[in-house]
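First up is the structure itself, then whatever we jot down about it.
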Amino acid sequence: MTTTNEAWFERARRSIPGGVNSPVRSFRSVGGTPYFVERANGAYVWDVEGRRYVDYVQSYGASIHGHAHPPVIEAIRSAALEGTTYGAPTPREVLLAEEIASRVPGVEQVRLVSSGTEAAMSAIRLARGATGRRKVVKFAGHYHGHSDTLLAAGGSGVANQGLSGSAGVPDGAVADTVVVPFDAVPRLDDDVAVLAVEPVAANMGLVEPPPGFLAALRAECDRVGALLLFDEVITGFRLARGGAEEWSGVRPDVWCFGKVIGGGLPMGAFAGSTEVMANLAPLGPVYQAGTLSGNPVATAAGLAALAQLDAAAYDELVRIATRLQAGLTAAITGAGVAAQVPRTGPLVGLFFADEPIRTFDDARAAADNGRYAVFFHGMLRRGFAFAPGPYEVVFPSLAHTDTDIDATIEAAAEAAAEVAAAI
Ligand SMILES: *Cc1c(COP(=O)(O)O)cnc(C)c1O
């Protein structure tokens with residue numbers, strides 16, 4: 001019988017490319033063998049060797065309540081007993097769309113899909129269809145899933161014509177994608193259909209935009225008639241009850257959601273005003289569809305997760321994140337290792353860098369110094385699972401207790417001493 005992480009990884013690599021179904025899980029950027037999860041509960045995951053980890057991955061933010069949250073599990077169980085997919089509309093899809101619209105002031109209509117990638121891909125098509133324009137502008141280091149148009153890489157410095165970000169993405173697929181740095185408001189022209197932004201960047205570590213930046217993007221889009229897209233697959237229903245619109249006071253034209261809204265099941269959504277969304281089939285000319293879209297089990301999980309996210313929940317998330325941020329900063333810098341531990345609301349980042357991180361070039365320089373991998377393994381050995389890559393953020397959940405956080409901080413001081421020794 002297969003019992004160890006190493007044995008499972010070896011076996012996985014025979015039937016699955018690289019042994020994983022999403023590359024970051026392979027530990028490529030930190031080295032070593034991934035832990036194979038057997039089960040999880042609240043703040044913890046257990047691997048196949050029976051080791052317990054305090055989990056700060058939490059499915060990259062999908063599990064905001066922690067793992068196997070009882071109301072979510074109960075919703076999944078009772079929904080599954082009534083059938084898992086029908087190919088016909090259901091009441092829960094309506095309830096979830098209403099719930100999303102009631103939280104995010106500018107959202108009037110919602111279309112449900114099955115992943116964040118699908119949400120972003122569809123939102124781009126919608127924006128192009130609605131404006132009749134070609135160009136998509138995005139920021140270097142911002143992640144919008146892995147559809148061809150959005151897998152563009154930018155050079156550094158000035159605005160760039162998109163270069164293909166992956167083998168298999170032909171230059172033609174990104175010919176109308178422009179990648180710009182996150183430290184300046186891009187000057188748009190009237191070929192631009194949409195400007196996409198993570199309102200708080202959370203896929204190049206955590207990088208908050210400078211004050212007024214999102215408002216300036218709004219004004220620039222208005223100047224040329226382009227749509228502003230907030231990719232809130234991470235920030236949605238985490239940064240605040242109403243996401244980045246509530247946090248910043250800036251209203252985009254189109255939103256993408258994912259992660260939190262599925263309660264841990266596959267789910268995404270894109271949203272906008274009734275007028276913009278009327279461009280979608282069956283009302284309008286922009287085609288978009290999905291066999292499992294609005295899935296009855298996923299909508300049950302999402303509704304149960306959102307039902308538990310009241311004002312007190314957000315206060316608690318921020319309180320936990322603040323405790324973690326202060327503790328990590330003190331533990332790491334106390335070991336003589338330069339670190340930046342930014343926090344925006346309940347989102348926490350971690351860079352081994354002397355100066356605050358503003359752009360993807362800054363983030364890359366910090367990621368390339370190798371310190372994250374040493375810290376990561378120091379934490380993992382002590383039973384604390386951070387994401388296996390330097391570009392991910394730290395996801396404390398509502399299940400993390402002060403005891404979990406304080407134990408994390410104690411371990412971080414020891415792991416940081418190992419980083420200091422390795423410098
Ligand atoms: C995770 C993420 C996506 C992609 O979502 P998937 O469900 O992994 O396809 C898109 N945008 C942002 C901001 C994300 O964090």
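Whatever order the structure lists them in is the order used to number ligands and atoms, beginning at 1. Everything numeric in this text was worked out from a predicted model, so none of it was measured.
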Which of the numbered atoms in ligand 1 are under 4.0 angstrom from any heavy atom belonging to [X]?
X	answer
N203	12 (C), 13 (C), 14 (C), 15 (O)
I234	15 (O)
H144	10 (C), 11 (N)
S115	7 (O), 9 (O)

> Any side-chain heavy atom of M267 within less than 4.5 Å of one from T299?
Replying inline: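 They are in contact (side-chain heavy atoms under 4.5 Å apart), so the answer is yes.
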>> Apply ring-ring contact (aromatic ring centres under 6.0 Å, His included) to residues F386 and Y56 and explain how you reach the verdict.
In response: CA-CA 5 Å; F386 282 60; Y56 290 99; 5.0 Å; yes
>> Heavy atoms only: which of M267, E198, E118, K259 lies closest to atom 1 (C) of ligand 1?
In response: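 It is K259 that holds the nearest heavy atom.
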> Hey, does G116 come in under 3.5 Å of ligand 1, counting only N/O atoms on both sides?
Replying inline: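 Yes, since at least one N or O of G116 sits under 3.5 Å from an N or O of ligand 1.
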In this structure, are over 12 heavy atoms from other groups packed under 6.0 Å from [X] atom [atom1]?
X	atom1	result
R13	CZ	yes
Y287	OH	no
H146	NE2	no

Of all the non-hydrogen atoms in the protein, which one sits nearest to [atom], and at what distance?
atom	answer
atom 4 (C) of ligand 1	T117 N, 3.6 Å
atom 11 (N) of ligand 1	D231 OD2, 2.7 Å
atom 3 (C) of ligand 1	V233 CG1, 3.7 Å
atom 12 (C) of ligand 1	Y143 O, 3.3 Å

> In terms of side-chain geometry, is the basic nitrogen of D253 or R218 positioned less than 4.0 Å from the acidic oxygen of its partner?
Replying inline: yes
> Passes side-chain hydrogen bond (donor to acceptor under 3.5 Å, both in side chains), T322 versus Q325? Steps please.
Replying inline: CA-CA 5 Å; T322 304; Q325 176 207 27; 5.4 Å; no
